[in-house]
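What you see below is based on every heavy atom in this structure, not just the backbone, and it leaves out hydrogens, waters and symmetry mates. Each chain gets a letter, A, B and so on, in the order its sequence line appears, and its residues count up from 1.
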There are 2 protein chains.
Amino acid sequence: MQQEDRTSGRPRDVSADAALKSAALGLVRARGYGKVSIAAIVAAAGVARQTLYNRWSSKAELVLDAVFEEVGRYAAAPIGDDGTSAAEQLEAFLVQVFAHLEEDGETLRAIIAAAQEDADFQRLFRERFVLPREAMVTDLLRRAQARGEIGPARDPEMLSAMIHGAFWYRMLNGFALDKGLARAIRDEVFRP
Amino acid sequence: MQQEDRTSGRPRDVSADAALKSAALGLVRARGYGKVSIAAIVAAAGVARQTLYNRWSSKAELVLDAVFEEVGRYAAAPIGDDGTSAAEQLEAFLVQVFAHLEEDGETLRAIIAAAQEDADFQRLFRERFVLPREAMVTDLLRRAQARGEIGPARDPEMLSAMIHGAFWYRMLNGFALDKGLARAIRDEVFRP
DNA sequence: TTGAATAATGGACTGCATTCTATTAATTGC
DNA sequence: GCAATTAATAGAATGCAGTCCATTATTCAA
């Protein structure tokens with residue numbers, strides 16, 4: 001996914017990008033990542049197989065673009081520091097994340113799986129998806145620390161990894177992510 | 001992997017089990033999970049492909065048996081409650097786990113990936129591998145709570161998920177698991 | 001000794017992601 | 001128009017997991 005305005009040669013058909021992402025998004029949400037073949041995606045998009053591979057280097061990359069650019073807006077903006085307590089902000093953030101994962105959790109699990117088999121894709125996923133979300137929570141915790149809502153000895157980076165880790169761990173082991181979990185994480189982080 | 005002492009029929013060749021596990025263990029450690037094919041495993045074991053599938057239903061199941069039965073001993077026994085503090089016991093446990101994952105971490109990552117694509121295998125892995133290890137840490141934390149090393153308001157189950165989650169999350173995103181991480185987790189759990 | 005039951009074997013088969021190849025199409029600079 | 005360049009296309013080829021099949025082997029019970 002990059003271009004450099006070449007001086008000659010046939011130009012890319014820009015509509016193919018959108019057609020492929022849209023086809024991938026629709027099919028993956030309808031049937032699930034594992035049940036969607038490359039053949040089905042290119043057929044739905046009306047392009048040749050190689051056209052897909054000219055743009056993305058794997059099914060996982062295309063789906064990461066398709067599903068999580070759409071959804072990239074979820075939790076893409078920093079967590080708003082409204083008047084509420086950091087505890088409430090964290091819980092609200094988790095509830096929002098879990099709600100989105102009701103729709104796309106299966107896809108995220110497939111993406112995480114793909115990242116374990118492809119180091120390049122792991123890096124891409126980490127930089128584009130994982131670290132920004134981790135940083136949002138780290139920032140929230142730093143603000144909380146500055147305001148005294150958590151003690152000065154706490155480690156916001158470690159805590160952020162433990163928070164994300166907790167629901168990754170639950171999700172990857174087949175447990176549902178519900179409001180009870182969001183509350184339990186909040187309580188454990190902001191304990192008395 | 002089960003038998004019921006049938007009353008007739010050709011008996012299983014018991015040596016094939018060991019040959020397959022040994023071949024899988026050796027090949028996966030030497031080349032890495034993704035680079036080992038079923039064809040290579042059965043060739044090394046000197047049996048037919050179907051003989052493998054008579055015993056395990058996928059490459060992931062065989063490797064889970066092969067690598068983590070061998071290694072099942074790591075952290076398979078409850079964490080010894082020696083005289084040391086629970087904080088020290090937790091850190092020692094994590095250091096031991098991380099040391100083993102230097103050898104088999106890549107395989108564990110592949111197993112977790114496989115579990116995301118196969119619900120039956122996910123259940124098997126969870127029951128046989130994940131939950132027992134989670135319970136060990138939960139027990140440790142309960143003992144610590146009974147002795148007052150952590151406050152009565154803490155939630156040992158949630159904490160255990162956060163501890164395991166933290167290193168799963170780090171591992172699955174390509175970070176090394178070192179002594180510093182073990183120490184940081186310990187400090188965050190047993191904070192002042 | 002024979003039949004029923006189950007295992008082992010070699011090889012064929014299916015479905016899939018990804019790569020490769022040859023051909024045709026669109027563009028720029030001349 | 002023409003050469004050079006890059007894209008799109010259809011389809012073949014590769015490599016692999018998992019399944020299916022026909023044949024042969026081993027055991028038990030009658």
Is the backbone of A/E157 close enough, under 3.5 Å, to the side chain of A/T138 for a donor and an acceptor to pair up by distance?
no
Here the gap from A/F129 atom CZ to A/F68 atom CZ, rounded to the nearest 0.5 Å, amounts to 4.5 Å
Bend across the helix from C/dT1-D/dA30 to C/dC30-D/dG1, to 10°, with axes taken over 5 pairs at each end?
10°
Rounded distance [0.5 Å steps], CG in A/L27 versus NZ in A/K35
13.0 Å
Atom-pair distance (CD on B/Q50; C1' on D/dA17), nearest Å:
13 Å
What integer distance in Å separates B/N54:CG from D/dC21:P?
15 Å
Pairs under 3.5 Å (N/O, protein and nucleotides 14-16 of chain C):
none

Could you tell me how the ring of A/H164 sits relative to the ring of B/Y169: parallel (under 30°), tilted (30 to 60°) or perpendicular (over 60°)?
parallel
Ignoring hydrogens and geometry, is there a side-chain-to-backbone donor-acceptor pair from A/Q145 to A/R154 under 3.5 Å?
yes
Of all the nucleotides listed (C/dT9, D/dT27, D/dA8), which has the minimum atom distance to the side chain of B/V47?
C/dT9
How many Å lie between CG on A/L62 and C1' on C/dT18, as a whole number?
14 Å
Interatomic distance, A/L52 CG vs D/dA8 P [rounded to whole Å]:
11 Å
Looking at every strand, decide which applies to A/S57 at a 4.0 Å heavy-atom threshold: base, sugar-phosphate, or nothing.
nothing
Please state how far atom CZ in B/R12 lies from atom P in C/dT9, giving the value in whole angstrom units.
12 Å
Mark yes or no: A/R109 above the aromatic ring of A/Y33, with NZ or CZ under 6.0 Å from the six-membered ring centre and no more than 45 degrees from the axis.
no
In whole Å, I'd like the distance from the CZ atom of B/R10 to the P atom of C/dA7.
10 Å
CD1/B/I111 to CG/B/L64 distance, rounded to the nearest 0.5 angstrom?
4.5 Å
For the atom pair CG (A/L140) and CZ (A/F93), what is the distance rounded to the nearest 0.5 Å?
8.5 Å
Does the A/Q116 side chain pair with the main chain of A/I112, one donor and one acceptor, at a distance under 3.5 Å?
yes
Between C1' on D/dA7 and CZ on A/R49, what's the gap in Å once rounded to a whole number?
18 Å
Reckon B/T51 has a side-chain N or O less than 4.0 Å from the OP1 or OP2 of C/dT9?
yes
Rounded to the nearest 0.5 Å, how far apart are CG of A/D104 and CG of A/L25?
7.5 Å
For residues 114-124 of chain A, which residues have at least one heavy atom under 4.0 Å from DNA chain C?
none
Between atom CG in B/D17 and atom C1' in C/dA8, what is the gap in whole Å?
13 Å
Per the side chain to side chain contact (heavy atoms under 4.5 Å, CB included) rule, which among A/V63, A/D65, A/I41, A/V67 passes with A/K21?
A/D65
